[in-house]
Amino acid sequence: MKLWKSALASLGLLLLVLFLAACNGGNDKASDDSGNTDTETTDENTEDEKVTIVYARGVDTTGANEKLVAAFEEAHPNIDVEFREMPADTGQQHDQYVTAFSAQSSEIDVFDADVIWPAEFAQANYALELDRFIKADGINMEDYFPGTVAAGKFNGKQWAMPKFTDAGMLYYRTDIVDTPPKTWDELIEQAKSLDGEAGTQFGYLMQASQYEGLVCNAIEFIASYGGQIINENNEVVANSPETVKAIKKMQEIVNSDFVPDNILNFMETETETAWIEGQSVFARNWPYMQASSNDEERSKVVGNVGITTLPAGDAGSAATLGGWMTMINRYSEHPEAAWEFVKFMTGPEGQKITATEGGSAPTLKALYEDTEIQEASPLFANPEFVKVLEAAVPRPVTPIYPKISDILQIELSSALTGDQTAEEAAANIQTKIEEAMSE
Ligand code: GLC
């Protein structure tokens, strides 16, 4: 009797399963017949099912990233973002992405890309082209600073959306410095004479380690003395008296008594740590350091930090154009959800969080008129800052940028360690980049 009952129950269950399956199949058929396209079916699925996308970016010392992800997830309950932290050094990050994407890994869906990567990643077929998403969502690329859009363009297509922009700035201690220096020579003078005041141990901090940040610092010196590495006509013009003078100025600073003994190991993180500990009178860094400078929990210099343009050489003041974009892995299995996240991060709401919580400069021009952004930082409220961003010197947009950067890193570094003269460095940069470009 009992057996009978359970056999009947099982049969019932089986019939129910078959019935439900038939209904489902019928539905699918019906929608196919009604002419639904593949994309519509995918969209329906995205709405119903919860999707998890993996988002990778470098170390965030500000806490902005967590808030950004939380705000996105709240607005998109069907998309979860799993965060993957990458190294702080942009070069190391780059190499990890290259390893993953060249193996066609789909593990990472969305990633932040340094402005120097999109051309290379587009050429290598690592990235998803974004024009169809941009068009479908009616995004006007003219709302962004042109330099940041250009960094994400290659072969006439948009591969990356601008998330925030960067330009090198001079940080100074308002409790020590009366008038910030206007020229590199004034900086050297003040750094020497003020080093030691208010418990400081150093006059100046910069990024002199052999990595991408050194290239950024060097471009600022070189441009401020009127030099260039590659000109508008794509000619290598590095071997000039201007470049030599600039490298000599860097040598003078790096070999001075007012920088840390291990300045040749300094990247942004070392700069930031020493700066918020109150160890230095001046520092060169990107805008994000304003967030940690004013963080009551971490910083000993809250309220004592001023930010201004970098000192000038013979040709004026120059800042390197930095910044980060977001891109989608070509092999992502969730391109629609990935795009939603990219759109959010690089749209007004996302950029506002990056600016107010992370201290980084928006790429959307209109945000500089936004009162919350202006209140978050005097830098963002200052029209001069927007001019610095617009005038910032870009690094070459080319798929062989990593090669060019390697040459600069090696040659500059050996000039700073004293293994070669400034003249030799300029000459080597010239011939080696020429060689790389003709390969
Ligand atoms: C910053 C800039 C980036 C640059 C890097 C160098 O992150 O935004 O463009 O390459 O610093 O360290």
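None of these values were measured; they are calculated from a predicted model. Numbers for residues simply follow the sequence, beginning at 1. We count ligands from 1, going down the list as the structure has it; atoms in each ligand are counted the same way.
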Minimum side-chain heavy-atom gap K343-I134 below 4.5 Å = no

Best match, M325, R395, E212, E268: closest heavy atom to atom 12 (O) of ligand 1 = E268

Within the side chain of R173, is there an N or O that forms a donor-acceptor pair under 3.5 Å with the backbone of E197?
-> no

Out of curiosity, is Y211 lining ligand 1, as in a heavy atom under 4.0 Å away?
-> yes

Looking only at distances, please establish whether an N/O atom of ligand 1 is found under 3.5 Å from an N/O atom of C216.
-> no

Any idea which protein heavy atom is nearest atom 7 (O) of ligand 1, and the distance to it?
-> W324 NE1, 2.9 Å

For G323, atoms of ligand 1 separated by under 4.0 Å from a heavy atom = 2 (C), 3 (C), 8 (O), 9 (O)

Is it true that E212 and R395 have a side-chain N and a carboxylate O under 4.0 angstrom from each other?
-> yes

Option nearest atom 2 (C) of ligand 1 (shortest heavy-atom distance, choices V215, D166, L321, D89) | D166

The protein heavy atom nearest to atom 4 (C) of ligand 1 is D114 OD2, 3.4 Å

Using modelled atom types only, decide if a donor and an acceptor are shared between the side chain of S209 and the backbone of Y211 within a distance under 3.5 Å.
-> no

Sidechain N-carboxylate O distance under 4.0 Å for K192, D257 | no

Check I429 against I407 and note the closest heavy-atom contact, atom names and distance.
-> CA-CG2, 4.2 Å

Of all the non-hydrogen atoms in the protein, which one sits nearest to atom 11 (O) of ligand 1, and at what distance?
-> W286 NE1, 3.1 Å

How close do S224 and G316 get, heavy atom to heavy atom, and via which atoms?
-> CB-O, 3.0 Å

Which of the atoms of ligand 1 are close to G213, meaning less than 4.0 Å from one of its heavy atoms?
-> 6 (C), 12 (O)

